[in-house]
Amino acid sequence: MTERLYLDHAATTPMLPAARSAFVDGMLKWANPSSPHAEGRAARAALEDARSRIAAALGWSHEVIFTSGATEAITIGLSGSSADATIVSATEHDAVHRAGAKGYFLSVGGEGQVAADALSGRLGALGAKQPIVAIQSANNETGVLQPLHQLGPIIRGAGGLLFADCSQSAAKLPLPDADMIAVSAHKLGGPPGVGALLVRSLDMLRPTGGQERGYRGGTENLPGVLGFAAAVEANRGWVERAKDLRAHLDGAIEAAGGEIVARGCPRIATIAGYRMPGIASATQLIQFDMAGIAVSAGSACSSGTIKGSPVLAAMGWDEIAANEVIRVSFGPDTSRADVYRFIEAWKRIKR
Ligand code: PLP
């Protein structure tokens, strides 16, 4: 049987060995961290220790609220914020669009980035309202990085808050200077079912739940949190190496007649979108799968089905071309040989 090659790490990535063993150790600390007895206090101490370690490893010196993943962090942050309006950029993950469904829309340019003047215009039209503005760091389909260092001060200057969904960039790139940040453990080598909302100050949130100092309800997932902490602390040297692999892959795909999504734009090294003209992404996925290679089309994480990409539509792609794009995403073990194998398969499928 052909050995499988997994190039869909943006959907989820295998747990790192350190995270796996921390998760298993966590299962032995089975007590409820809210219980006042000695077993509960030991679980609480482990939870609080993990909270500090995650903050330190991410370089965050403010509040950390544990959640069940980025989706819940987004929901708590956007629906529970003290702001009186919500603005959502066009290429956000579905979780952000749902949480900010009653908000205002912020368009992106052809390369997928929010332009400073579009943001200023949107903020100006709100008058005296103080909004929370959701702009992700790295896009989960294209890898496009938003210029948050430039956009953040514009939002703050208008009295607003910046909410940055960092699901695809946390522990790979430094966190942006934002007021709230969503992080997901299973995107960075931790277990699924755990994540965090990072908040600059609890004053920015309305309390809604029984745990996490009143900002999230539900018994804390201690094994998950311990696995999360171990994953965040793991060495990220591979992200630097991924830059070379991605540059090589970009060049080879272009030379073979493919198109790179957001070619001219800063992109995270771990995610790329490639168009194979004339071949639908659904067909490509089957062909790659038959060749032993797992990739994805559009955003596969919520449905398991393939549907048109709102991200590419927001960037002005027509439907036919957008439906010819697949996403390739790297993980810690992706090697040069893996990239060569993918390129050969890509050329065979295109023929
Ligand atoms: N935001 C982005 C950019 C994502 O890629 C994902 C996952 O696909 C999410 C949010 C949701 O993360 P989770 O699965 O932790 O809820």
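Counting starts at 1 for both ligands and their atoms, following the listed order.
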If you measure from each heavy atom of Glu92 to ligand 1, is any distance below 4.0 Å? no
Contacting atoms of ligand 1, where contact means under 4.0 angstrom from a heavy atom of Asn140: 3 (C), 5 (O)
Below 4.5 Å, heavy atoms only, C-beta onward: do Leu161 and Ile155 meet side chain to side chain? no
Only heavy atoms of Lys187, strictly under 4.0 Å: list the atoms of ligand 1 that pass. 5 (O), 6 (C), 7 (C), 8 (O)
Measure the CZ-CG distance between Phe342 and Leu245 for me, rounded to the nearest 0.5 Å. 13.0 Å
Under 4.0 Å from ligand 1, counting heavy atoms only, is it the side chain of Ala95, its backbone, both or neither? neither
Pairing of Asp177 and Arg156 as salt bridge, 4.0 angstrom limit: yes
Donor-acceptor pair, Gln150 side chain versus Ala116 backbone, under 3.5 Å? no
Can you sort out which atoms of ligand 1 are near Gly69, meaning under 4.0 Å from one of its heavy atoms? 15 (O)
For Ser184, take its heavy atoms, then give the atoms of ligand 1 lying under 4.0 Å from any of them. 13 (P), 15 (O)
What part of Glu72 sits under 4.0 Å from ligand 1 if we count only heavy atoms: the side chain, the backbone, both or neither? neither
Is ligand 1 less than 4.0 angstrom away from at least one heavy atom of His186? yes
Straight-line distance of Glu63 CD to Met180 CE, nearest 0.5 Å: 11.5 Å
Backbone N/O of Gln130 and side chain of Asp84: donor-acceptor pair under 3.5 Å: yes
Measure the spacing between CD of Glu92 and CG of Asn140 and express it to the nearest 0.5 Å. 9.0 Å
Does any N or O atom in Ala11 lie less than 3.5 angstrom from one in ligand 1, N or O only? no
